[in-house]
Amino acid sequence: VWNLRKQLNQRLVAPLVGLNHGFSALANADFDRSRTLASMPVAFSELTALSANFQQMANALEVRQNALQESEKRYRSLFEELPVSLFRSTPSGQFLNVNQALVRMMGFPDQETLIKINLDKIYPNPDEREQWRAFAERDGIVRDYEVQMKRFDGTCISVRLTCRTVRDSEGQVLFYEGNMEDV
């Protein structure tokens, strides 16, 4: 009985516990820890199949995770290095993201400083912001909208704004994304 108990623990309980730990590791994207299942001895073919299916799933998720990270890196590089001024902003006027080209165009010392500024502060005429927002929300996109903006040093420049409205599944505005061009 003692030997049978030891065998069941080694070939049934331990693999199930290992599978559980593997699922936890996989849920945390710890692909190295999830690979330890393949070397465990098991007593039942169903457990062997379950372990093999788990390993296939872990491998497929790791490949997708790596592809997603690479895609994010390419997007981030494109967004940051593109010489066109790009932004994302909320309906309330808070920048979510800006690239270096916009920071340079607006004369701000860095991205963090520009992101902290509400858009109302860089429009000499706040009604102009409300007007393009109304167009963006009505039409979903605004092209070549010319407006005055205040740079960091207080000087005004004319910019051409093109943006689109991004909405959630219920149609609520999440943010605007677009570009600005110094004209």
Q: Tell me every residue that passes side-chain contact (heavy atoms from CB on, under 4.5 Å) with Asp182, counting only those two or more places apart in sequence or in another chain.
A: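 side-chain contact (heavy atoms from CB on, under 4.5 Å) check on Asp182 returns Met105, Ile157.
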Q: Please answer: with hydrophobic residues joined when any side-chain heavy atoms are less than 4.5 Å apart, are Val142 and Val173 in the same cluster?
A: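 As far as the 4.5 Å side-chain criterion goes, Val173 and Val142 are connected within one cluster.
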Q: Name all residues meeting the side-chain contact (heavy atoms from CB on, under 4.5 Å) criterion together with Gln69; count only those two or more places apart in sequence or in a different chain, and write none if there are none.
A: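 In terms of side-chain contact (heavy atoms from CB on, under 4.5 Å), with neighbours along the sequence ignored, Gln69 is linked to Gln65, Asn66.
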Q: Using side-chain contact (heavy atoms from CB on, under 4.5 Å) as the criterion, list what pairs up with Glu112, not counting sequence neighbours.
A: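 For Glu112 the side-chain contact (heavy atoms from CB on, under 4.5 Å) partners, ignoring immediate neighbours, are Asp110.
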Q: Can you confirm whether more than 12 heavy atoms, excluding those of Arg138, are under 6.0 Å from its CZ atom?
A: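 Yes - once you tally the heavy atoms of other residues, nucleotides and ligands closer than 6.0 Å, there are more than 12.
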Q: Would a 4.5 Å heavy-atom cut-off, applied to side chains only, mark Glu146 and Val159 as touching?
A: no
Q: Return the minimal non-hydrogen interatomic distance between Pro109 and Val103, and the atom names on each side.
A: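 Closest approach of Pro109 to Val103: C-CG1, 4.4 Å.
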Q: Check side-chain contact (heavy atoms from CB on, under 4.5 Å) between Gln94 and all other residues, then give those that pass, not counting sequence neighbours.
A: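 Listed in chain order: Thr90, Ser92, Asn118.
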Q: Are Ile117 and Phe95 side-chain neighbours, meaning at least one heavy-atom pair lies under 4.5 Å?
A: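 They are not in side-chain contact.
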Q: Mind checking whether Ile141 and Thr165 have side chains closer than 4.5 Å, heavy atoms only?
A: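 When only atoms from C-beta onward are counted, Thr165 and Ile141 do not touch, as no gap falls below 4.5 Å.
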Q: Using distance alone, with no hydrogens and no angle criterion, decide if Glu128 and Tyr145 have a side-chain donor and acceptor under 3.5 Å apart.
A: no
Q: With sequence neighbours excluded, what pairs up with Arg164 under the salt bridge (Lys or Arg N to Asp or Glu O under 4.0 Å) test?
A: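 Listed in chain order: Glu177.
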Q: Would you kindly confirm whether Leu96 and Leu119 end up in one hydrophobic cluster when ILVMFWY residues are joined by side chain heavy atoms under 4.5 Å apart?
A: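 Looking at the clustering, Leu119 is in a separate group from Leu96.
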Q: Angle class for the Phe108/Phe152 ring planes (parallel below 30°, perpendicular above 60°, tilted otherwise)?
A: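 Because their plane-to-plane angle lies in the 30° to 60° range, the rings of Phe108 and Phe152 count as tilted.
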Q: Output every pair passing side chain to side chain donor-acceptor pair (under 3.5 Å) with a member in residues 167-176, not counting sequence neighbours, ordered by first then second residue.
A: Arg133-Tyr176, Glu137-Tyr176
Q: Do Asn179 and Ser85 pass the side chain to side chain contact (heavy atoms under 4.5 Å, CB included) test, and can you show the C-alpha distance, the side-chain angles, and the key distance before you say yes or no?
A: CA-CA 5 Å; Asn179 69 289; Ser85 300; 5.5 Å; no
